[in-house]
J.: 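One structure coming up, written as structure tokens, with questions to follow.
Just so you know, ligand 1 is whichever comes first in the structure, and atom 1 is the first atom listed for that ligand.
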Amino acid sequence: MVDVAKGELRGATNRYTKTLGDLAGLYEDEEAYRALLAEMGDKVVYEVTDYKPSADAGDMIIGVTRMLPGKVGREFFLTRGHIHANPNRPEMYYGESGHGLMLLESPAGDIRTVEIGPRSLCYVPPYWIHRSVNVGPTELVMTFAYPADSGQDYDIIAKAGGMRSRIVDDGRGSWVAVDNESYRFRPAELVESIFAKAR
Ligand SMILES: O=P(O)(O)OC[C@H]1O[C@H](O)[C@H](O)[C@@H](O)[C@@H]1O
Ligand SMILES: [Fe+2]
């Protein structure tokens, strides 16, 4: 059962939590990050509860992500983000409550945003780096499913200096994607090696 109010999967076998302190270096405004961190301490900013039947390619991990609303400076709260370690594995997200978006980036640096709200279904295609962002005033709760042998590779984002876009407050009650000044495009050989990794 998806407990939408609690933002969790009842009967989950795993629980994974992140505090703001776990997300050092991800936000553009270092000063705002330190100030908010002092305020929030070790409060959980996002949480994943899931059920993993096995790690077999033919199995799926199903679960729920719950994210607090908030901003670091002008930048909305985000998840760390990753590409699947088996990069050709896809994922789907289903909006339960709140207003968020999926920030998607191809290895070559193409960007897409998919808005997520109740009853929207977001498809993350194979090879796309993905990160969830809560752009609303309430908790964002999403159900997800992905192949059980996908794995997560976080280095791909770190090595590029972050994702190509940042999702920030537009000052008029909505969000806008702006360029991440620290972003470095991946060299062609690295892009090719990601596609060559598929098995
Ligand atoms: O792995 P992160 O980038 O911290 O994102 C948090 C979570 O996002 C999704 O819900 C994935 O399906 C989870 O496997 C992942 O752990
Ligand atoms: Fe994923």
Side-chain angles (χ1 to χ4, degrees), residues 2-4 6-27 42-57 59-70 72 75-107 112-114 116-117 120-135 139-160 162-167 180 194 197-198:
V2 175
D3 187 330
V4 179
K6 283 190 184 156
E8 61 181 36
L9 181 71
R10 245 178 258 158
T13 47
N14 304 296
R15 182 181 300 267
Y16 160 118
T17 59
K18 290 283 187 202
T19 64
L20 195 60
D22 294 327
L23 306 177
L26 300 190
Y27 290 99
D42 55 11
K43 191 175 160 85
V44 170
V45 288
Y46 72 89
E47 173 178 57
V48 177
T49 42
D50 67 26
Y51 175 71
K52 183 179 182 174
S54 81
D56 296 348
D59 247 326
M60 283 196 350
I61 297 172
I62 54 175
V64 174
T65 302
R66 176 181 69 88
M67 297 177 73
L68 291 195
V72 175
E75 193 174 4
F76 288 106
F77 276 10
L78 45 71
T79 60
R80 196 170 164 203
H82 55 258
I83 192 170
H84 291 151
N86 286 326
N88 69 342
R89 302 301 194 263
E91 186 158 355
M92 61 134 285
Y93 288 80
Y94 178 77
E96 301 284 1
S97 70
H99 178 203
L101 58 87
M102 192 62 60
L103 177 61
L104 295 154
E105 180 183 307
S106 72
R112 297 282 190 286
T113 51
V114 178
I116 298 179
S120 63
L121 191 50
C122 169
Y123 181 56
V124 177
Y127 301 106
W128 284 74
I129 298 160
H130 46 288
R131 157 180 287 168
S132 311
V133 184
N134 187 349
V135 296
E139 283 192 351
L140 172 65
V141 178
M142 300 175 293
T143 291
F144 61 80
Y146 62 102
D149 69 338
S150 300
Q152 283 92 8
D153 175 343
Y154 295 97
D155 263 8
I156 191 164
I157 295 180
K159 281 185 184 148
M163 289 182 75
R164 188 179 170 191
S165 296
R166 294 187 179 279
I167 306 300
N180 167 13
I194 293 164
K197 237 179 121 183

J.: Considering only heavy atoms, does Q152 approach ligand 1 within less than 4.0 Å through its side chain, its backbone, both, or neither?
T.: side chain

J.: Nearest 0.5 Å please: distance from the OG atom of S97 over to the CD1 atom of I116.
T.: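 Rounded to the nearest 0.5 Å, the OG-CD1 separation comes to 12.0 Å.
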
J.: Do the side-chain N and O atoms of E96 and T143 include a donor-acceptor pair separated by under 3.5 angstrom?
T.: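 Distance-only check passes for E96 and T143.
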
J.: Heavy atoms only: give me the nearest A148-S54 pair and the separation to one decimal.
T.: CB-O, 3.1 Å

J.: Anything under 30° is parallel, anything over 60° is perpendicular, the rest tilted; go ahead and classify Y146 against H84.
T.: parallel

J.: Identify, for atom 15 (C) of ligand 1, the protein heavy atom at the shortest distance, and state residue, atom and that distance.
T.: H82 CE1, 4.0 Å

J.: Under the side chain to side chain donor-acceptor pair (under 3.5 Å) rule, collect the residues that match up with D153, sequence neighbours excluded.
T.: none

J.: Below a 4.0 angstrom heavy-atom separation, can you tell me which part of M142, side chain or backbone, both or neither, approaches ligand 1?
T.: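 Neither; nothing of M142 gets under 4.0 Å from ligand 1.
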
J.: Note the single closest protein heavy atom to atom 10 (O) of ligand 1, along with its residue, its atom name and the distance in Å.
T.: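 Residue, atom and distance for the closest contact: T65 OG1, 2.7 Å.
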
J.: How far is atom 7 (C) of ligand 1 from its nearest protein heavy atom, and which residue and atom name does that atom have?
T.: V48 CG2, 3.5 Å

J.: Considering non-hydrogen atoms of the protein only, which is the closest contact for atom 1 (O) of ligand 1, and what is the distance?
T.: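 Its nearest protein heavy-atom neighbour is Y154 OH, 2.6 Å.
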
J.: Considering non-hydrogen atoms only, spot the tightest contact between A145 and M60 and give its length.
T.: CB-CE, 3.6 Å

J.: Restricting to non-hydrogen atoms, name the atom on R164 and the atom on E105 that form the minimum distance, rounded to 0.1 Å.
T.: N-OE1, 2.7 Å

J.: Does E91, backbone or side chain, put an N or O under 3.5 Å from an N or O of ligand 1?
T.: yes

J.: Scan V133, L23, V135, V45 and name whichever one has a side chain to side chain contact (heavy atoms under 4.5 Å, CB included) with F77.
T.: V45

J.: Identify, for atom 16 (O) of ligand 1, the protein heavy atom at the shortest distance, and state residue, atom and that distance.
T.: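 I find the closest protein heavy atom is Y16 CZ, 3.7 Å.
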
J.: Counting heavy atoms only, which of L23, V124, T79 is nearest atom 5 (O) of ligand 1?
T.: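 It is T79 that holds the nearest heavy atom.
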
J.: Under 3.5 Å, is there a donor on one side chain and an acceptor on the other for T19 and D42?
T.: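 The answer is no; no qualifying pair exists.
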
J.: Quick one: do the Y93 and E91 side chains pair a donor with an acceptor below 3.5 Å?
T.: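 Side chains of Y93 and E91: pair found under 3.5 Å.
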
J.: Tally every protein N/O/S atom whose distance to the Fe ion (ligand 2) is less than 2.8 Å; waters are neither shown nor counted.
T.: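 There are 4 of them.
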
J.: Which heavy atom of S150 sits nearest to which heavy atom of R89, and what is that distance?
T.: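 The pair with the smallest heavy-atom distance is OG-CB, 3.2 Å.
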
J.: Measuring from atom 8 (O) of ligand 1, which candidate in Y46, Y146, F144, Y93 has the nearest non-hydrogen atom?
T.: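 The nearest heavy atom belongs to Y93.
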
J.: Return the closest protein heavy atom for atom 3 (O) of ligand 1 as residue, atom name and distance.
T.: G81 N, 2.7 Å

